[in-house]
Protein chains: 2
Amino acid sequence: MGDASKNGFLRAGELARLSGVSTDTLRHYERKGVLPKPGRSRNRYRQYPPEAAKRVLMIQRALAIGFTLDELAGILNVRDNGGSPCGRVLEIAAAKLAALEQRIVETIALRDELSSILDDWDAKLSSTQPGGRAALLESLTGRNLSKARDPQFQKSGKPRQKHRRS
Amino acid sequence: MGDASKNGFLRAGELARLSGVSTDTLRHYERKGVLPKPGRSRNRYRQYPPEAAKRVLMIQRALAIGFTLDELAGILNVRDNGGSPCGRVLEIAAAKLAALEQRIVETIALRDELSSILDDWDAKLSSTQPGGRAALLESLTGRNLSKARDPQFQKSGKPRQKHRRS
DNA sequence: CTTGACCCTGGAATCTATTCCAGACCTTAT
DNA sequence: ATAAGGTCTGGAATAGATTCCAGGGTCAAG
């Protein structure tokens, strides 16, 4: 059967397949508060209303844009209670956009950097005895790599290391 | 005093300041095997040779490029023992480059997407009563967002969820 | 001696989305 | 009934680099 409990409701696995995520992920969304807790049938199985599929889809979109499950939870909770967090949504989205822009610039710089490094290396390596050391990594030290660290959003600033209090 | 124990050696804090990382990070690098274990003075304080600064710099560069501490550890260990892992380095670097290229494309697509979404939203919001709901998030559902998920390297493919064995 | 500023250790926490786990129940077809 | 397959739960694991923590030495100046 495809529709679960003969009503128009979906069971976890069905919604999962339908929206391309795992049931674990669905439960996770629920835990995180981005997916409203569905009703339960007598056997305690979740009964998702068909709209849930759209909701999951929206969540995925928002995640792809760069929203965080927690941010989303905050927004959606307000909204599901009749509020209109659109201002907040816009605000966050704008920040995400800015972050993306910056990330693009940094990543491109990194790409160019790495690309040129590889050219160097190819050259060095071909003019080096097989088994010899071309000191590829060393050549990095001299380079003027932009401080762009790549890994996702990294808190900018100098290295902290909080003071001990004891 | 600037030079620690009057010899040309650096203490943890000094190397840290010098290379712009925290002492915790230095210890981490050591644990991970990318920073050779320095000698110790009588008081068991680390004594870093001045070259260590270059090494840390190199590590940072390599990280920025997309190397992983573990990858680096493998490479550097071979190297510090007289080996010449340049082939391997080149191999990894090339892979990183490809990954970067792809990430750039994806991120740009995402940026454009988000940018156009924001245009929509701005319009919608300005034609909505203050305090009213513009249903911004909903509008995501209809969009044809490229499947590009953003978060760093994500294992591609459909949702797994391994079979229970019990 | 006391203070403040470093240093040491090993292990745990952070962040985030997703997955994995074990033990146990429900349902349906054979 | 019995096995297969879906579902339930809460908590732990994953990845990666960095940070935080507590408890405890070391050292120079006041």
Side-chain angles (χ1 to χ4, degrees), chain A residues 1-2 4-6 10-17 20-32 34-35 37-38 40-48 59-60 62-64 66-73 149-166, chain B residues 1 4-6 9-17 20-32 34-35 37-38 40-48 59-60 62-64 66-73 149-166:
Chain A
M1 55 228 60
S5 45
K6 67 167 59 73
L10 300 166
R11 284 187 316 184
E14 296 172 334
L15 176 56
R17 259 185 304 277
V21 304
S22 70
T23 59
D24 268 335
T25 297
L26 290 181
R27 289 195 314 110
H28 183 55
Y29 285 175
E30 191 178 323
R31 285 193 268 209
K32 279 296 198 177
V34 291
L35 191 57
K37 303 194 179 188
R40 301 297 186 102
S41 55
R42 275 181 274 345
N43 43 9
R44 298 199 50 73
Y45 283 14
R46 276 171 253 267
Q47 289 184 304
Y48 292 100
I59 294 169
Q60 299 274 292
L63 284 179
F67 280 73
T68 253
L69 280 182
D70 287 330
E71 291 167 338
L72 233 35
R149 194 71 48 74
D150 172 19
Q152 195 73 314
F153 289 72
Q154 93 247 251
K155 37 273 162 125
S156 45
K158 330 244 87 170
R160 309 38 56 69
Q161 192 170 38
K162 270 189 187 147
H163 312 300
R164 301 299 141 58
R165 50 210 89 16
S166 75
Chain B
M1 57 232 57
S5 44
K6 67 169 59 75
F9 292 94
L10 300 166
R11 285 187 315 184
E14 296 172 332
L15 176 56
R17 259 185 303 276
V21 306
S22 70
T23 59
D24 267 336
T25 298
L26 290 180
R27 290 195 314 109
H28 183 55
Y29 285 175
E30 191 178 324
R31 284 193 269 211
K32 278 298 199 175
V34 291
L35 191 56
K37 304 194 177 187
R40 301 299 186 101
S41 55
R42 276 180 274 345
N43 43 9
R44 298 197 52 69
Y45 284 13
R46 272 169 257 261
Q47 291 183 303
Y48 291 101
I59 294 169
Q60 298 273 292
L63 284 178
F67 280 75
T68 253
L69 281 182
D70 287 330
E71 291 167 340
L72 233 35
R149 195 72 48 76
D150 170 17
Q152 194 73 311
F153 289 73
Q154 88 247 261
K155 39 277 164 125
S156 44
K158 330 244 87 171
R160 334 345 105 53
Q161 190 170 36
K162 272 191 187 146
H163 312 298
R164 300 299 141 56
R165 50 210 83 25
S166 76

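In this text the structure is predicted, and so the values were computed from the model without any measurement.
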S.K.: Start at the 5' end of DNA chain C and walk down; is the nucleotide closest to A:Asn43 or to A:Asp70 reached first?
M.R.: A:Asp70
S.K.: Who pairs with A:Ala73 by side chain to side chain contact (heavy atoms under 4.5 Å, CB included), at least two apart in sequence or on another chain?
M.R.: A:Val34
S.K.: side-chain hydrogen bond (donor to acceptor under 3.5 Å, both in side chains) with B:Tyr29: which residues, sequence neighbours excluded?
M.R.: B:Gln60
S.K.: Do any N or O atoms from the side chain of A:Ser22 and from the backbone of A:Thr25 form a donor-acceptor pair under 3.5 angstrom?
M.R.: yes
S.K.: Would you kindly give the CD-to-P distance between A:Gln60 and C:dA17, to the nearest whole Å?
M.R.: 11 Å
S.K.: Could you check if a side-chain atom of B:Phe67 sits within less than 4.5 angstrom of a side-chain atom of B:Ile59, using non-hydrogen atoms only?
M.R.: no
S.K.: Using the side chain to side chain contact (heavy atoms under 4.5 Å, CB included) criterion, which residues pair with B:Arg44? Sequence neighbours excluded.
M.R.: B:Arg40
S.K.: Distance check needed: D:dA17 P versus B:Leu35 CG, whole Å only.
M.R.: 15 Å
S.K.: May I have the distance from A:Arg27 (atom CZ) to C:dT19 (atom C1'), rounded to whole angstrom?
M.R.: 10 Å
S.K.: Closest approach to the side chain of B:Arg46, judged atom by atom: which nucleotide of C:dA17, D:dG16, C:dC8 is it?
M.R.: C:dC8
S.K.: Can you name the residues that form a salt bridge (Lys or Arg N to Asp or Glu O under 4.0 Å) with A:Arg27, not counting sequence neighbours?
M.R.: A:Asp24
S.K.: Report the nucleotide, chosen from C:dC21, C:dG10, D:dA17, that has the shortest atom-to-atom distance to any side-chain atom of B:Leu69.
M.R.: D:dA17
S.K.: Just the atom pairs and distances: protein N or O near nucleotides 1-6 of chain C's N or O, under 3.5 Å.
M.R.:
from  : atom 1 : to      : atom 2 : distance (Å)
C:dC6 : O2     : B:Tyr45 : OH     : 3.4

S.K.: Restricting to side chain to side chain contact (heavy atoms under 4.5 Å, CB included), what partner residues turn up for A:Tyr45, sequence neighbours left out?
M.R.: A:Arg11, A:Ser41, A:Asn43
S.K.: Could you tell me how far apart A:Lys37 (NZ) and D:dT7 (P) are, to the nearest whole angstrom?
M.R.: 19 Å
S.K.: Does A:Thr23 place a side-chain N or O at less than 4.0 Å from the phosphate oxygens OP1/OP2 of D:dT7?
M.R.: no
S.K.: Taking for each residue the nucleotide of DNA chain D with the nearest heavy atom, is it B:Thr25 or A:Ala12 whose nucleotide lies nearer the 5' end?
M.R.: A:Ala12
S.K.: What nucleotide, of C:dT16, C:dC26, C:dC20, holds the atom closest to the side chain of A:Asp24?
M.R.: C:dC20
S.K.: Expressed in angstrom and rounded to an integer, what is the separation of A:Arg42 atom CZ from D:dT7 atom P?
M.R.: 17 Å
S.K.: Just the rounded figure in Å: distance from P of C:dC8 to CD of B:Glu14.
M.R.: 11 Å
S.K.: Heavy atoms only, 4.0 Å cut-off, all strands: where does A:Arg40 land among base, sugar-phosphate and nothing?
M.R.: sugar-phosphate
S.K.: Separation of A:Glu30 atom CD from C:dA17 atom P, in whole Å?
M.R.: 17 Å
S.K.: In this structure, how many angstroms lie between the P atom of D:dG16 and the CZ atom of B:Arg31, rounded?
M.R.: 17 Å
